There are 2 protein chains.
Amino acid sequence: MTTSKPSTRDRILVAATDLFGLRGVDAVSLDQIAAEVGVAKQTLLYWFPSKDELLQGVLAQAAADLVLVVEAAVRSATDDPLDRIDAVVRAVFRPAVRRPALLGLIREVSRLPGPVAASLTDQLRPLADRAHAYLRAEMDAGRLRRADPGLVAALSYATVTGIATEPEALRVNGWEPTAAGLRRLRDELLAFLRAALAP
Amino acid sequence: MTTSKPSTRDRILVAATDLFGLRGVDAVSLDQIAAEVGVAKQTLLYWFPSKDELLQGVLAQAAADLVLVVEAAVRSATDDPLDRIDAVVRAVFRPAVRRPALLGLIREVSRLPGPVAASLTDQLRPLADRAHAYLRAEMDAGRLRRADPGLVAALSYATVTGIATEPEALRVNGWEPTAAGLRRLRDELLAFLRAALAP
DNA sequence: ATCGCTCTCTACCATATGGTAGACAAGATG
DNA sequence: CATCTTGTCTACCATATGGTAGAGAGCGAT
């Protein structure tokens, strides 16, 4: 549902996503976002009645983007379950590399309980449910090693977001959060998944 | 370096750890922490000259605890590398289940760049370096499947913290963040690690 | 007793922030 | 022209927060 030319509302959404993701929601003031967009704070509050609703708007957009990316990856993959998993993981990593703020923001919000986090969870649930059902079906068909599909999905989700959203934290492991480093980590994760899920 | 009876300083540290971890650093005011401890805000500022230094104190304690737990686990394990990895993962999960705030806080701080995060990274680096060296040695000895030890360490760290610190986020995968659920997830992770690292 | 040290307290302040009130300009519509 | 809607702005406010200044209580040492 993106309009063709960037409206004020869209520009606010983009700037807020980046700033929230980069510095953390609480650390970013409406004034800073407004300055980044080049409008007055009141214009923000015109489009989004409160900071909370702005955050919700940002998250709705981010979740929608994530859903689109994953669905495109699924459609473009072959029938082989390991290939599909591969494609989805790569798809999730791609925007995370290009725009680390997005997944980082999702993760920050999910960390604390509350209505905003609950709403986000609701938006991502269909995606998770489909992955869940898919894994179960493939395991039943003997094309993946049997395991609890919910646990596998949760595990993969935790790992992917853990890597993609907090590359700075991984420095403690002597690893550098460059784009090349992220790709190597992604490939290692894929190797892990193959080793653990191959029938 | 813990004293035998809980001093005011220690009580402040405990309360701050829990509150920071539970609600996020920015969302917790010094007044709230003081109220929790049962002292005046000034007493906090007497022991820790600023909120930033309080945060650093909390992190130093948390990092030290983590180091102790992991080292104890390593000492108590057998020589088999998979058993050792198993023991370490279980050790990291244990405090995370009992006191989710701790690892969550570490992760939150690591998320944003800055001097506080850098200092924390420095405190955890020895641990990471030892894990790194250990994995490399075992791989060289043929007792683990060959892989980039830095990547394996980073991957495991990301997964463990991803699971342990953000159980709420994993609800999207139809999983419940109970203690039993955490244990099942931990066991699944261990199975993954065995499958991927067995020689 | 009194000095000095440690620890805790009661005010108080400067600042930043989210949010409100309302004016002003530009079209669209009658 | 008059009016209504949309979008942006300037000015202002109430509040919360991190931090400062300084006083006083308890207590061991001289």
Side-chain angles (χ1 to χ4, degrees), chain A residues 1-61 105 108-109 112 114-117 119, chain B residues 1-61 105 108-109 112 114-117 119:
Chain A
M1 303 298 183
T2 55
T3 55
S4 53
K5 78 175 180 180
S7 64
T8 299
R9 190 173 188 280
D10 286 338
R11 285 187 300 143
I12 291 174
L13 237 27
V14 169
T17 304
D18 287 339
L19 287 176
F20 282 163
L22 242 49
R23 304 187 205 162
V25 174
D26 279 340
V28 174
S29 71
L30 296 183
D31 283 301
Q32 288 169 25
I33 301 172
E36 180 75 20
V37 178
V39 299
K41 179 173 63 171
Q42 287 330 302
T43 306
L44 256 68
L45 288 167
Y46 171 77
W47 290 106
F48 303 92
S50 70
K51 190 179 185 180
D52 211 68
E53 297 206 32
L54 171 58
L55 176 58
Q56 295 211 29
V58 163
L59 290 174
Q61 177 90 36
L105 176 59
E108 175 184 348
V109 169
L112 288 335
V116 183
S119 147
Chain B
M1 303 300 180
T2 52
T3 55
S4 52
K5 78 174 180 181
S7 64
T8 300
R9 189 174 190 278
D10 286 338
R11 284 188 300 143
I12 291 173
L13 237 27
V14 169
T17 303
D18 286 340
L19 287 176
F20 283 162
L22 243 50
R23 305 187 204 162
V25 174
D26 279 340
V28 174
S29 71
L30 295 183
D31 283 301
Q32 289 170 24
I33 300 172
E36 180 76 20
V37 178
V39 298
K41 180 172 63 169
Q42 287 329 301
T43 306
L44 257 68
L45 288 167
Y46 171 78
W47 290 106
F48 303 91
S50 69
K51 189 180 186 181
D52 211 69
E53 297 205 34
L54 171 58
L55 177 57
Q56 295 212 28
V58 163
L59 290 174
Q61 177 91 35
L105 177 59
E108 174 184 348
V109 169
L112 288 334
V116 184
S119 146

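This structure is a prediction, so every number in the text was calculated from the model and none was measured. First the proteins, then the strands, lettered A, B, ... as listed; each starts at 1. All values below were derived from every heavy atom in this structure, side-chain atoms included, with hydrogens, water molecules and symmetry-related copies excluded.
Side-chain atoms of F48(A) and L44(A), non-hydrogen and from C-beta on, never get closer than 4.5 Å to each other.
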- Whether each nucleotide of nucleotides 7-20 of chain C has a protein heavy atom under 4.0 Å at its base (B), only at its sugar-phosphate (S) or at neither (-) is summarised, 5' to 3', as BBBBB-----SBBB

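In terms of heavy-atom proximity, G57(B) sits nearest to L13(B) at C-CD1, 3.9 Å. For S119(A) against Q56(A), the heavy-atom pair with the smallest separation is OG-OE1, 4.1 Å. Between A15(A) and I33(A), the closest heavy-atom pair is CB-CG2, 4.4 Å.
End-to-end axis angle of the helix from dA1(C)-dT30(D) to dG30(C)-dC1(D), using five pairs per end and rounding to 10°, comes to 20°.
The closest donor-acceptor contact from the side chain of K51(A) to the backbone of V25(A) lies under 3.5 Å. When atom types are taken as modelled, the side chain of E108(A) and the backbone of G21(A) share no donor-acceptor pair closer than 3.5 angstrom.
A side-chain contact (heavy atoms from CB on, under 4.5 Å) with L59(B) is found for exactly one of L105(B), L54(B), T17(B), namely L105(B).
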